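None of these values were measured; they are calculated from a predicted model. The figures here come from the full heavy-atom set of this structure, side chains too, leaving out hydrogens, waters and symmetry mates. In each ligand, atom 1 is the first atom listed, and ligand 1 is the first ligand listed.
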Amino acid sequence: MIRVIQWATGGVGRAAIEGILDHPELELAGAWVHSADKDGRDLGELVGRPPIGVRATTDADRLLAMQADCVLYSPFMADTETVRAILRSGKNIVTPLGWFHPRRAERQRYDELCRAAGVTLHGTGIHPGGITEKIPLVVSALSGAITEVRAEEFSDIRTYGAPEVVRDWMLFGATPEQAATSVMANVLAGGYGQSVWMIADALGIALDDQLRVTHEVAVATAPIDSPIGPIAPGRVAAQRFRWQGTVRGTPVITAAVNWFMGAENLDPPWTFGPAGERYEVEIVGDPGARVTFTGMHAHSAAAGLVRNPGIVATAMHCVNSIPYVVAAEPGVRTYLDLPLVAGRAAASLRGTGGGPVADASLAGVDPDAARRTPPR
Ligand SMILES: NC(=O)c1ccc[n+]([C@@H]2O[C@H](COP(=O)([O-])OP(=O)(O)OC[C@H]3O[C@@H](n4cnc5c(N)ncnc54)[C@H](OP(=O)(O)O)[C@@H]3O)[C@@H](O)[C@H]2O)c1
């Protein structure tokens with residue numbers, strides 16, 4: 001079994017713990033928590049299941065010293081010192097916080113560190129990391145003469161259970177003037193920009209040097225109930241960010257998000273349209289294609305705050321990548337380097353002969369990799 005440490009137990013972390021417990025090739029070795037009140041909690045109980053005898057700890061050094069194959073790293077924000085310490089301790093990392101397709105200098109730095117420690121670093125998630133670049137690349141293989149690629153999210157942000165992020169970082173509820181000073185577009189560009197560059201690199205598009213970043217807001221026309229309290233009329237209630245790769249000034253690759261506090265009381269009167277909340281991928285080529293993902297949004301704000309399907313999808317993309325990442329050659333490994341990553345069937349459908357890693361040669365996976373002790 002591949003031993004996994006979960007790093008932070010927010011929405012992604014708790015869904016990841018469930019995914020690790022249910023995955024036939026993975027074993028939960030421990031978890032780091034930031035919150036003191038979670039220190040010592042049984043990790044089964046932490047996710048609403050029976051106790052499993054593995055406890056959360058705030059002691060990072062203890063986890064670094066522990067024998068484990070992989071860390072699923074999903075705290076509130078990335079601390080690169082911690083990331084480097086985990087890698088140096090001989091553990092692979094899968095994370096939704098970046099490293100989807102690092103630019104050359106950053107990739108070189110982490111490649112060197114990973115090779116010295118004999119480990120792999122892989123960034124993955126849903127958006128960015130997944131629907132913003134992996135899925136467009138898969139779909140692009142059905143088209144010739146591609147002239148445009150777009151990946152776009154349309155979400156009701158009232159279902160996102162991270163109030164500090166929504167209020168203090170995203171600046172929902174702020175004045176439009178305050179939102180205009182938001183650092184979000186540039187902070188998020190760290191992730192979405194990598195998606196745009198990955199598509200450009202894979203498709204062979206010679207983008208202009210700088211991405212085009214745009215940020216628009218809509219304000220409330222009536223009080224809107226939200227997880228961060230009522231949004232008053234005139235305050236920011238919807239935001240649209242676009243990160244675009246251009247060729248001679250014309251956009252050809254777009255990653256975009258439309259985050260609304262509902263669509264009933266907005267000025268300008270933005271709406272989700274008849275298709276509702278969704279993720280969209282569009283390829284303009286010969287032939288073109290448009291793919292719409294539904295089912296990854298909560299049915300209601302209350303349900304989303306308890307367990308948000310988009311957050312679960314983020315966690316599962318990380319969890320399902322682990323066997324492939326552990327088996328990969330040391331270094332930074334992106335979607336362009338790894339074999340096809342698949343999910344795993346529910347326990348009720350599984351045979352007795354083990355999971356697909358039994359057929360690893362077909363998937364390009366080395367089933368013995370997890371049993372090798374990485375050099376310290
Ligand atoms: N790429 C994608 O598609 C994608 C999608 C969703 C989320 N994400 C990213 O994944 C990360 C986790 O998201 P989430 O929804 O799980 O967030 P969350 O629910 O806010 O959880 C974050 C966790 O981080 C820990 N934490 C809190 N304050 C901290 C601090 N000052 N320093 C270090 N850790 C701290 C806490 O862990 P404990 O509760 O264990 O104490 C908290 O529960 C975020 O960075 C988010 O942007 C990426």
Item to complete: Give me the ring orientation class for Trp7 and Trp32: parallel if the planes are under 30° apart, tilted from 30 to 60°, perpendicular past 60°.
Response: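 Taking Trp32 first and then Trp7, their aromatic rings lie parallel (interplane angle under 30°).
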
(request) Would you please classify the geometry between the His215 ring and the Phe241 ring as parallel, tilted or perpendicular, with 30° and 60° separating the classes? (result)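 Answer is parallel, since the angle falls under 30°.
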
Inset, instruction - Return each pair, listed once, that meets ring-ring contact (aromatic ring centres under 6.0 Å, His included) where at least one residue sits in residues 130-152; pairs must be two or more places apart or across chains. - result: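 Every candidate ring-ring contact (aromatic ring centres under 6.0 Å, His included) pair involving residues 130-152 fails, so no pair, neighbours aside, qualifies.
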
Relative to the heavy atoms of [X], which atoms of ligand 1 are at a distance of less than 4.0 Å?
| X | value |
| --- | --- |
| Pro75 | 11 (C), 12 (C), 24 (O), 34 (N), 44 (C), 45 (O) |
| Ile311 | 6 (C), 15 (O) |
| Gly125 | 3 (O) |
| Ser74 | 12 (C) |
| Ala8 | 24 (O), 37 (O), 40 (O) |
| Thr9 | 37 (O), 38 (P), 39 (O), 40 (O), 43 (O) |
| His127 | 2 (C), 3 (O) |
| Ser35 | 38 (P), 39 (O), 41 (O) |

[atom] [closest protein heavy-atom partner, distance rounded to 0.1 Å]:
| atom | result |
| --- | --- |
| atom 48 (C) of ligand 1 | Pro96 O, 3.4 Å |
| atom 5 (C) of ligand 1 | Thr314 OG1, 3.3 Å |
| atom 19 (O) of ligand 1 | Gly11 N, 2.9 Å |
| atom 1 (N) of ligand 1 | Pro128 O, 2.9 Å |
| atom 24 (O) of ligand 1 | Phe76 N, 3.0 Å |
| atom 21 (O) of ligand 1 | Gly10 CA, 3.2 Å |

Heavy atom under 4.0 Å from ligand 1: found in [X]'s side chain, backbone, both, or neither?
| X | value |
| --- | --- |
| Tyr160 | side chain |
| His34 | both |
| Ile126 | both |
| Lys38 | side chain |
| Val33 | both |

- Message: Could you walk me through whether His122 and Tyr335 satisfy the side-chain hydrogen bond (donor to acceptor under 3.5 Å, both in side chains) test, starting with their C-alpha distance in whole Å, then the side-chain angles of each, then the deciding distance to 0.1 Å, before giving a yes or no?
- Response: CA-CA 8 Å; His122 175 61; Tyr335 300 134; 5.2 Å; no

Check: What do the steps show when you test Arg107 against Asp337 for salt bridge (Lys or Arg N to Asp or Glu O under 4.0 Å), and what is the final call?
Finding: CA-CA 13 Å; Arg107 179 157 187 164; Asp337 309 303; 3.1 Å; yes

Fill in: Option nearest atom 13 (O) of ligand 1 (shortest heavy-atom distance, choices Val12, Val187, Thr95)
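Heavy atom nearest to atom 13 (O) of ligand 1 belongs to Val12.
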
| said: My question is simple, although I want it checked carefully: is atom 43 (O) of ligand 1 less than 4.0 angstrom from any protein heavy atom? | reply: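 Under the 4.0 Å cut-off, atom 43 (O) of ligand 1 does have protein heavy-atom neighbours.
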
**Prompt:** Protein heavy atom under 4.0 angstrom of atom 46 (C) of ligand 1, is there one?
**Reply:**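 Protein heavy atom within 4.0 Å of atom 46 (C) of ligand 1: absent.
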
Task: Phe76-His34 aromatic ring centre distance below 6.0 Å - done: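 Between His34 and Phe76, which both carry aromatic rings, the centre distance is not below 6.0 Å.
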
Report task. Would you please indicate yes or no on a ring centroid separation below 6.0 angstrom for His297 and Tyr279? Result ->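 Aromatic pair counts; centres sit under 6.0 Å.
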
Check your understanding: Which one of Ile20, Val326, Asn320 satisfies the side chain to side chain contact (heavy atoms under 4.5 Å, CB included) criterion with Leu26?
Key ->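 In the set Ile20, Val326, Asn320, the residue that makes a side chain to side chain contact (heavy atoms under 4.5 Å, CB included) with Leu26 is Ile20.
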
- request: Walk me through it: do Phe272 and Asp156 pass the test side-chain contact (heavy atoms from CB on, under 4.5 Å)?
  value: CA-CA 9 Å; Phe272 291 126; Asp156 189 332; 4.2 Å; yes

Nearest 0.5 Å please: distance from the [atom1] atom of [X] over to the [atom2] atom of [Y].
| X | Y | atom1 | atom2 | answer |
| --- | --- | --- | --- | --- |
| Arg150 | Arg290 | CZ | CZ | 5.0 Å |
| Asp69 | Ile5 | CG | CD1 | 9.5 Å |
| Ile86 | Asn92 | CD1 | CG | 11.5 Å |

**OP:** Decide whether Asp267 and Thr221 meet the rule of one side-chain donor and one side-chain acceptor closer than 3.5 Å.
**Re:**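 There is no such pair (donor and acceptor under 3.5 Å, judged by atom type) between the side chains of Asp267 and Thr221.
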
Next item on the list: For Tyr73 and Pro96, work out which heavy atoms get closest and say how close.
Entry: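 In terms of heavy atoms, the two residues are closest at O-CD, 3.3 Å.
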
Legend entry - Distance-only N or O hit between ligand 1 and Ala162, under 3.5 Å: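 No: no nitrogen or oxygen of Ala162 is under 3.5 Å from one in ligand 1.
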
Checklist entry - Is the shortest N/O to N/O distance between Met77 and ligand 1 below 3.5 Å? => result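 Such a contact does not occur with ligand 1.
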
With a 4.0 Å cut-off on heavy atoms, is Gly129 in contact with ligand 1?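 So Gly129 does not count as touching ligand 1.
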
TODO: Would you kindly check if the NZ (Lys) or CZ (Arg) of Arg240 is within the cone defined by 45 degrees around the ring axis of Phe154 and under 6.0 Å from the six-membered ring centre?
DONE: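 No, Arg240 does not sit over the ring of Phe154.
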
